[in-house]
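Each remark here refers to the structure printed beneath this line.
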2 protein chains.
Amino acid sequence: MEQRIADTEERSEPPTSGVVGPSEAALLSGLDPVELRAWRAFLTRHARVARRLEADLIARSDLPLAEYDVLLQLALADGLRLRMNELADRVVLSRAGITRLVDRLTADGLVTRLKCASDARGYFAVLTSGGMARLLDATPGHLAAVRRHFLESFTAPELETLAELLERSRPLD
Amino acid sequence: MEQRIADTEERSEPPTSGVVGPSEAALLSGLDPVELRAWRAFLTRHARVARRLEADLIARSDLPLAEYDVLLQLALADGLRLRMNELADRVVLSRAGITRLVDRLTADGLVTRLKCASDARGYFAVLTSGGMARLLDATPGHLAAVRRHFLESFTAPELETLAELLERSRPLD
DNA sequence: TGCCAATCCTTGCGTTCGCAACTACTATAG
DNA sequence: CTATAGTAGTTGCGAACGCAAGGATTGGCA
């Protein structure tokens, strides 16, 4: 862990400058330029926006994005409750992940666990009034941030297009 | 940590069923339906695709997505090298994150650190031949997966649209 | 009825990440 | 030339995640 030292010194100009090497052709051969652009744009755009929003949301409401998402899903759910499984699916998290996320929210009093009557294996996560309050408090600022960092870049018809495209479910699942 | 037990029993039908509560109106008031759809679609689509691709890539090439991304950026960079800072920016990771990611890649012999001649504070991460080999080996399968789980959903003009929209940089940055 | 596979959720463990603090070096100003 | 502010990168620390294994319960099928 100590010998992270560099081995060589850098000559002043990049050695193979100008030449891209045999790599690029081989690398990109699998994807045509439009595909590559779309894919990279999708990836980096998400990464940047998510990073930004997470910071904003924590600074403003002391609530990570994942926590916010869970509260929102519960608030929108019928009876303000959702099975752990369903919750994991909606926020796209592993089951273990959802267990601990709900743990945290429960510790903060924003959510309660409720045994499912019809299936003794199952639990509901239920939004508490405190959780609802917290969500309602955090929402305006967060939505503003979403708009500022993402939605604002597009016109209404473009948003429609975007929604339509991204809502398409993956081919084979 | 032990009293995670449910407090109450569930009555057989959801209590406030049918009624959505005062919450939804307040929650969604900040965003019109199209905005909401576009935003949620963007979020969940990314989460699902990324999760899928990560699993695929690890299974097939024992390489996490972030590692793959770094190797790719280096392969595409002039001289097969990039400053740590620049690298962090391209793969959208914190500087601490990039330090450790490069640590790992170095330990695996896929990357080398090289002192920057013109600025003694700086380092280059340089792709080794082993790293290039690993990248070339992993790429075909990965690209196939990207296509299967994402690109395949769209036509060429749609991809063009998607790329154009998502490449727009955020307004104020 | 009785058993075995499947399902729901949780926990142990290892890994990764970001923030904040730190070192080393550069650049600006006096 | 020296002080001071700023930048590049690394490290301690705590938080969060996923995988795999485990306990409990359900559901089909003999």
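Here is the naming used below: chain letters follow the sequence lines, and residue numbers restart at 1 for every chain.
Between B:R37 and A:E160 a salt bridge is recorded (basic side-chain N to carboxylate O distance below 4.0 Å). With respect to the salt-bridge test (charged N to carboxylate O, under 4.0 angstrom), the residues A:R83 and A:D89 do not qualify. Look at B:R134 and B:D108 and you find no salt bridge, because none of the NZ, NE, NH1 or NH2 atoms lies under 4.0 Å from a carboxylate O.
The side chain of B:D103 has D:dT11 as its nearest neighbour among C:dC17, C:dT11, D:dT11. Of the candidates C:dT11, D:dG9, C:dC19, C:dC19 carries the atom nearest the B:R100 side chain, counting heavy atoms from C-beta on.
Comparing B:R95 and A:N85 against DNA chain C, the residue whose closest nucleotide sits nearer the 5' end is A:N85. Sequence order on DNA chain C of the closest nucleotides to A:M84 and B:S94 puts A:M84 first from the 5' end. In this structure, A:A96 and B:A96 both approach DNA chain D, and ranking their closest nucleotides by distance from the 5' end singles out B:A96.
For the pair B:R104 and C:dT16, the criterion of a side-chain N or O lying under 4.0 Å from OP1 or OP2 is met. Close to D:dG18, at under 4.0 Å from its OP1 or OP2, lies a side-chain N or O of B:R51.
In terms of heavy-atom proximity, B:A50 sits nearest to B:L65 at O-CD2, 4.3 Å.
Remark: A:T155 engages A:P157, A:E158 in a side chain to side chain contact (heavy atoms under 4.5 Å, CB included) (not counting sequence neighbours).
Atom CG of B:L65 and atom P of C:dC17 are 11 Å apart (whole Å). Nucleotide D:dA8 holds its P atom 18 Å from the CG atom of B:L114, rounded to whole Å. If you measure from atom CG of B:L82 to atom C1' of D:dA8, you get 14 Å, rounded to the nearest angstrom. B:E54 places its CD atom 20 Å from the P atom of D:dA16, with the value rounded to the nearest Å. The separation between A:L93 atom CG and C:dC9 atom C1' is 14 Å, rounded to whole Å. Distance, A:R48 CZ to C:dG18 P: 13 Å, rounded to whole Å. Protein atom CG of B:L87 is 12 Å distant from nucleotide atom P of C:dC17, rounded to whole Å. Rounding to whole angstrom units, CD1 of residue B:I58 and C1' of D:dA20 are separated by 14 Å.
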Determine, for nucleotides 21-29 of chain C in 5'-to-3' order, which nucleotides have protein heavy atoms under 4.0 Å from the base (write B), from only the sugar-phosphate (write S), or from neither (write -). ---BBS---
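Applying the 3.5 Å distance criterion, the base of D:dG9 shares no donor-acceptor pair with the side chain of B:R83.
In this structure, A:T128 contributes its side chain and A:L110 its backbone to a donor-acceptor pair below 3.5 Å.
Taking the six-membered ring for Trp and thresholds of 30 and 60 degrees, A:H46 and B:F42 have ring planes inclined between 30 and 60 degrees apart.
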